[in-house]
Asks: 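Quick one: the structure is below, questions incoming.
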Amino acid sequence: MERDRFRTRTGFIIACIGSAVGMGNIWRFPIMVSKYGGMTFFVVYILFVILIASSGMIEEFALGRWAEAGPVGAFGKCTKERFGKQRVGEAIGALPVLGAMGLAIGYTVVMGWIFKYCFMGISGELYAMGTDMAVIGGTFDSAAPGAKTLGEAIKMMIDGGIFNVGNGTWQIVGLVVALAIMAMGIGGGIEKANKIMMPLLFGLFLILGVYIAFLPGAGEGIRFYLLPDFKKAAESGMKEVIFAAMGQSFFTLSLGIGAIAIFGSYIDKKRRLTGEAVCVTILDTCVALIAGMIIFPA
């Protein structure tokens with residue numbers, strides 16, 4: 001049986017961007033920029049993206065395509081060829097899979113929020129809140145009730161029922177939608193879904209960016225974002241800025257968790273890996289930059 005593959009190069013690149021773009025771009029990148037001196041941080045970050053993260057992406061693509069498998073199968077094949085022991089490599093490859101599972105558990109909660117707030121936006125509930133932060137904060141707290149310990153969280157679920165705690169119902173909706181897309185396969189499910197959702201995301205970002213740029217006082221936020229602040233970077237220390245930029249470059253491109261190797265396993269042998277990696281890296285960085293242009297002026 002022939003292995004399922006992405007049907008077009010565009011579909012493959014968009015799907016990779018869909019994996020890479022997330023909290024690293026929209027949430028963590030603006031925090032890092034704010035903490036480490038605006039564009040001072042970005043200059044260091046972009047150097048790591050060019051020198052390390054992009055080459056790391058090529059390596060993961062190559063590993064996945066060579067093995068035609070995810071991290072477990074790929075590392076197993078590596079150690080089998082080198083040492084004749086497949087199990088050792090499979091055990092190593094299981095580590096990033098466990099990490100990815102942890103991320104997936106977190107992202108199911110975020111998916112629930114997205115579906116809930118989309119529904120509230122369409123129904124008019126979000127608009128009705130206005131700018132009353134007490135109401136907005138209370139609504140978010142009801143969707144994401146805090147629990148200090150795992151035992152406390154489990155007790156909340158038992159007492160209230162999984163569907164009545166926070167956004168439990170919407171998490172189930174999100175999981176069903178995700179499973180339905182995956183059940184349709186690589187080309188018929190993941191590729192098609194990303195071809196719709198990723199252009200929509202970019203479109204919404206651009207609309208928000210233009211709208212926010214014309215808000216009163218937006219210029220102050222843009223200056224804070226785009227102008228380097230060497231004094232603020234020096235306060236944190238260059239060593240901390242360098243490590244933060246390096247970590248951000250790996251995190252934002254989903255490197256080290258096996259996701260890119262999995263995508264690589266579906267790349268046609270005739271395609272140039274360098275071109276695919278460069279496209280994904282550039283577009284991922286653009287999303288991070290646009291996110292800053294939305295958040296800081298707002």
Side-chain angles (χ1 to χ4, degrees), residues 4-30 32-33 42 45-46 48-65 70-71 96 99-100 103-104 106-107 110-111 114 174 177-178 181-182 184-209 247-268 271-295:
D4 193 8
R5 294 187 182 276
F6 287 95
R7 295 170 185 175
T8 63
R9 181 174 184 257
T10 303
F12 170 78
I13 290 171
I14 290 174
C16 286
I17 295 166
S19 170
V21 169
M23 290 191 288
N25 307 75
I26 299 166
W27 168 68
R28 195 171 187 270
F29 177 76
M32 296 289 102
V33 169
F42 180 75
Y45 162 74
I46 203 68
F48 280 115
V49 167
I50 294 167
L51 297 173
I52 299 176
S54 57
S55 58
M57 180 169 281
I58 295 168
E59 180 274 328
E60 284 203 34
F61 277 153
L63 177 66
R65 186 167 73 173
L103 283 173
Y107 268 111
V110 177
M111 277 201 301
I114 291 167
V177 171
I181 291 170
M182 288 190 290
M184 288 186 276
I186 300 296
I190 293 171
E191 183 175 352
K192 282 186 176 179
N194 275 286
K195 277 185 172 180
I196 296 168
M197 291 190 286
M198 291 310 296
L200 277 174
L201 176 67
F202 275 96
L204 286 169
F205 259 46
L206 290 172
I207 291 167
L208 271 173
Q248 177 65 17
S249 67
F250 278 90
F251 182 70
T252 190
L253 292 170
S254 296
L255 294 176
I257 60 169
I260 300 302
I262 292 169
F263 279 110
S265 71
Y266 294 101
I267 300 178
D268 192 276
R271 292 200 189 143
R272 290 174 61 250
L273 300 180
T274 305
E276 320 293 61
V278 168
C279 285
V280 173
T281 302
I282 289 172
L283 289 170
D284 179 81
T285 305
C286 286
V287 172
L289 285 169
I290 295 169
M293 287 297 292
I294 292 169
I295 289 169

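Sequence positions, counted from 1, serve as the residue numbers for this chain.
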Asks: To the nearest 0.5 Å, how far apart are CD1 in Ile262 and OG in Ser19?
Replies: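 Result: 8.5 Å between the selected atoms.
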Asks: Output yes when a side-chain donor or acceptor of Thr252 lies under 3.5 Å from a complementary backbone atom of Gln248, and no otherwise.
Replies: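 No, Thr252 side chain to Gln248 backbone: no donor-acceptor pair under 3.5 Å.
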Asks: With a 4.5 Å limit on heavy-atom distance, are the side chains of Met184 and Lys192 in contact?
Replies: no
Asks: Show the numbers, then the answer: is there a side chain to side chain contact (heavy atoms under 4.5 Å, CB included) between Ile295 and Trp27?
Replies: CA-CA 9 Å; Ile295 289 169; Trp27 168 68; over 6 Å; no
Asks: Distance from Asp284 atom CG to Leu289 atom CG, nearest 0.5 Å?
Replies: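 The distance works out to 10.0 Å.
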Asks: Indicate yes or no: at least one non-hydrogen side-chain atom of Leu273 is less than 4.5 angstrom from one of Ile267.
Replies: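 A side-chain contact exists here, since the closest heavy-atom pair is under 4.5 Å.
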Asks: For the side chain of Ser254 and the backbone of Ala259, is there at least one donor-acceptor N/O pair under 3.5 Å apart?
Replies: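 Here the side-chain-to-backbone pair does not exist.
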Asks: What are the two closest non-hydrogen atoms of Val49 and Ser249, and how far apart are they?
Replies: CG2-CB, 3.8 Å
Asks: With the side chain counted from C-beta on, respond yes when Thr285 and Ile46 share a heavy-atom pair under 4.5 Å apart, and no when they do not.
Replies: yes
Asks: Do the side chains of Val287 and Phe202 get nearer than 4.5 Å, heavy atoms only?
Replies: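 Yes, at least one pair of side-chain atoms sits under 4.5 Å.
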Asks: Applying salt bridge (Lys or Arg N to Asp or Glu O under 4.0 Å), can you list everything that pairs with Arg272, at least two apart in sequence or on another chain?
Replies: none
Asks: If you measure from CE on Met57 to OG1 on Thr274, what distance do you get to the nearest 0.5 Å?
Replies: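 It is 12.0 Å, given to the nearest 0.5 Å.
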Asks: Kindly say whether Gly11 contributes a backbone atom to a donor-acceptor pair with the side chain of Asn194 at under 3.5 angstrom?
Replies: no
Asks: Check Pro96 against Pro71 and note the closest heavy-atom contact, atom names and distance.
Replies: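 Here Pro96 and Pro71 meet closest at CG-CB, 4.0 Å.
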Asks: Do any pairs count as a side chain to side chain donor-acceptor pair (under 3.5 Å) and have a residue in residues 255-266, sequence neighbours left out, and if so which ones?
Replies: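 Found Arg3-Ser265.
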Asks: For the atom pair CZ (Arg65) and CD (Glu60), what is the distance rounded to the nearest 0.5 Å?
Replies: 14.5 Å
Asks: With Phe12, which residues qualify under ring pair (Phe, Tyr, Trp, His ring centres under 6.0 Å), at least two apart?
Replies: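 In terms of ring pair (Phe, Tyr, Trp, His ring centres under 6.0 Å), with neighbours along the sequence ignored, Phe12 is linked to Phe6, Phe61.
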Asks: Looking at CZ of Phe205 and CG of Leu200, how far apart are the two atoms once the value is rounded to the nearest 0.5 Å?
Replies: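 Between Phe205 CZ and Leu200 CG, I get 12.5 Å after rounding to 0.5 Å.
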Asks: Of all heavy-atom pairs between Arg9 and Cys279, which one has the smallest distance, and what is that distance?
Replies: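 That would be NH2-SG, 3.8 Å.
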Asks: Is the ring centre of Tyr45 less than 6.0 Å from the ring centre of Phe29?
Replies: yes
Asks: I'd like to know if the side chain of Glu191 and the backbone of Thr8 have a donor-acceptor N/O pair within less than 3.5 Å.
Replies: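 Yes; at least one donor-acceptor contact below 3.5 Å.
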Asks: Please report the shortest heavy-atom distance between Leu255 and Ile260, naming the atom on each side.
Replies: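 Nearest heavy atoms, Leu255 then Ile260: CD2-CG1, 4.0 Å.
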Asks: To the nearest 0.5 Å, what is the distance between CG on Leu201 and CD1 on Ile196?
Replies: 14.0 Å
Asks: Return the minimal non-hydrogen interatomic distance between Leu253 and Thr281, and the atom names on each side.
Replies: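 Closest approach of Leu253 to Thr281: CD2-CA, 4.1 Å.
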